[in-house]
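Note that the structure is a prediction, hence the values are computed from the model and not measured. Indexing begins at 1, ligand by ligand and atom by atom, following the structure's order. Only this structure's heavy atoms are used, side chains among them; waters, hydrogens and symmetry mates stay out.
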Amino acid sequence: MYRGYEAVIGIEIHVQLNTNSKIFCADSTQFNAADNENTSPVSVGMPGTLPVINKRAVEFAVKTGLALGCNIRRKSVFARKNYFYPDLPKGYQISQYDQPICENGTITFKVGENSKTVSITRAHLEEDAGKSTHQGDFTMINYNRSGIPLLEVVTGPDMSTPQEAAEYGRTIRQIVRYLGVCDGNLEEGSMRCDCNVSVRKVGDPKLGTRTELKNINSFRFVEKAIEYEIERQIDLVERGEKVIQETRLWDPDKNKTFTMRSKEDAQDYRYFPDPDLLPVVVSEDLISKLKSELPELPLARKARFVSAHGLPEYDAEVLTNEIDLANYYEETAKVCGNYKGASNWIMTELLRELNDNRLEITASPIKPAQLGQLIALIDKGTISGKIAKTVFSEMWKTGKDPEAVVKEKGLVQVSDPAAIEKLVDEVLAANAQQVEDHKSGKKKNLFGFFVGAVMKASKGQANPDLVNQILQKKLNG
Ligand code: ADP
Ligand code: MG
């Protein structure tokens, strides 16, 4: 709550579907192509060309709709959204209007400790426009992006804090990445977030006039921009001025939003069904096929990691963040049968190395089966946890199996009591004074010192349980 006001937030996210070709023609969608390399008469809007729908784009839209609990329209319609801009050579964008492919879904996610559910009003397919770059007196246009398939996911005006808005965005990103329909890369524009914000007196049933904060490219900025916008609007209302319906941009350097343009209403776009395209028909068969291909979604998977693998919430949260990480974890755990052990190794050693080396989990030089074998070696007592760290580093460097590393380096744990007793005797003989102090009780905590000394003498290879037992017997027994 803000000074007796509440904020109302609704979000539109453009999700770029990662098909190989564009939505209405065969041009490549490759991100790093040379300027205007990925173009053809269709994507630059030459008269006489005709669009043909990309089947995979439709499938990706349906998958996303299903994951968001939407109704899938069996027959949806493309419409022309008319406006003039140099990056839109046809003078209209092909989008969907009153008959979008997905409608009436919901999404639930966590905001801190609380669970939040947001309605998905619609998710419709459309084509992206080109990109203008202004340089001095010139404007240059690159049409590579023109015709890239987008799915615009629109929420109801259901959120009331900047934190909810940011978490909503992160959740959508996580889901589309789980589905494999979008890489979720905000910096490259694969996801673009428009936040609609208004304020009203607490209890007022009527929505206030909204502004739209456009194309914010990080969820941290989403949070900051909305926070700023709420305060700005309340200031206006408090001064007796009016909020103007407009599109604003976020300036991350100045931490401010500023006016981009006044916002059109739907009638300004003169929508009408595109006569060049047939309605998109989605069959029952296709829907059941796509439904059967849906992966277990993050929230469900996290809950299962807690209930079936006995993981703490925190571990489950981290491990299900990315589908590839969750898969890696389950493969590792299956090999060693130690679910918490696998989680510990991945969350500490493995994620640290991956972060330090800026690697994705799929590029890890240690494969899940190998990490599972390493954990099994510890659990069987073949190597100690300490030695395992050395083995792990070697595996990371060489990609070798843990058994091979242990053999090559002679790292097998010493579990022969006679051999350990010999080491213990040597250590006690070399530290007669400390033995004296320990026995007289003059110094406390010397036991740990002896354990450390024996472990060191064994180059870390003595079985620590045996070292403890034998020392107990000799010193305290
Ligand atoms: P448009 O397509 O012109 O942007 P929509 O009616 O489709 O407009 O709404 C776009 C987004 O704005 C939706 O997410 C909706 O929930 C949100 N929205 C609409 N009215 C308000 C309002 N008064 N305050 C905050 N958000 C709003
Ligand atoms: Mg909009």
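The one candidate from R232, R248, Q245, Q233 that meets the side-chain hydrogen bond (donor to acceptor under 3.5 Å, both in side chains) condition with T211 is Q233. For the side-chain hydrogen bond (donor to acceptor under 3.5 Å, both in side chains) criterion with S76, the lone passing option out of H124, Q99, Q96 is Q96.
Below 4.0 Å from some heavy atom of G208 lie the following atoms of ligand 1, by number and element: 23 (N). The contact set between ligand 1 and V154, taken as ligand atoms under 4.0 Å from a residue heavy atom, comprises 13 (C), 14 (O). Ligand 1 places these atoms under 4.0 Å from at least one heavy atom of G156: 16 (O). Near I11, meaning under 4.0 Å from one of its heavy atoms, ligand 1 places the atoms 14 (O). Near L207, the atoms of ligand 1 lying under 4.0 angstrom from a non-hydrogen atom of the residue are 23 (N). Heavy-atom contacts of T155 reach the following atoms of ligand 1: 13 (C), 14 (O), 15 (C), 16 (O) (cutoff under 4.0 Å).
One finds no salt bridge joining K116 and E167 here, because no Lys/Arg side-chain nitrogen approaches an Asp/Glu carboxylate oxygen to under 4.0 Å. Between K90 and D276, none of the side-chain N atoms (NZ, or NE/NH1/NH2) sits under 4.0 Å from a carboxylate O, so this pair counts as no salt bridge. A salt bridge does not link R192 with E12: none of the charged nitrogens is closer than 4.0 Å to a carboxylate oxygen. In summary, R122 and D98 do not engage in a salt bridge, as defined by a charged side-chain N under 4.0 Å from a carboxylate O. Salt bridge annotation for E330-K334: absent, with no cationic side-chain nitrogen under 4.0 angstrom from a carboxylate oxygen.
For ligand 1, none of its N or O atoms has an N or O atom of T209 under 3.5 Å away.
At a heavy-atom distance under 4.0 Å, atoms from both the backbone and the side chain of N196 approach ligand 1. Residue-level proximity to ligand 1 for V8 is carried by backbone and side chain together, each with a heavy atom below 4.0 angstrom. The residue T121 has no part lying near ligand 1, judged by heavy-atom distances below 4.0 Å.
Between F392 and W345, the ring planes are tilted. Angles from 30° to 60° get that label.
Remark: among candidates S198, G10, P157, the nearest residue to atom 22 (C) of ligand 1 is S198, based on non-hydrogen atoms.
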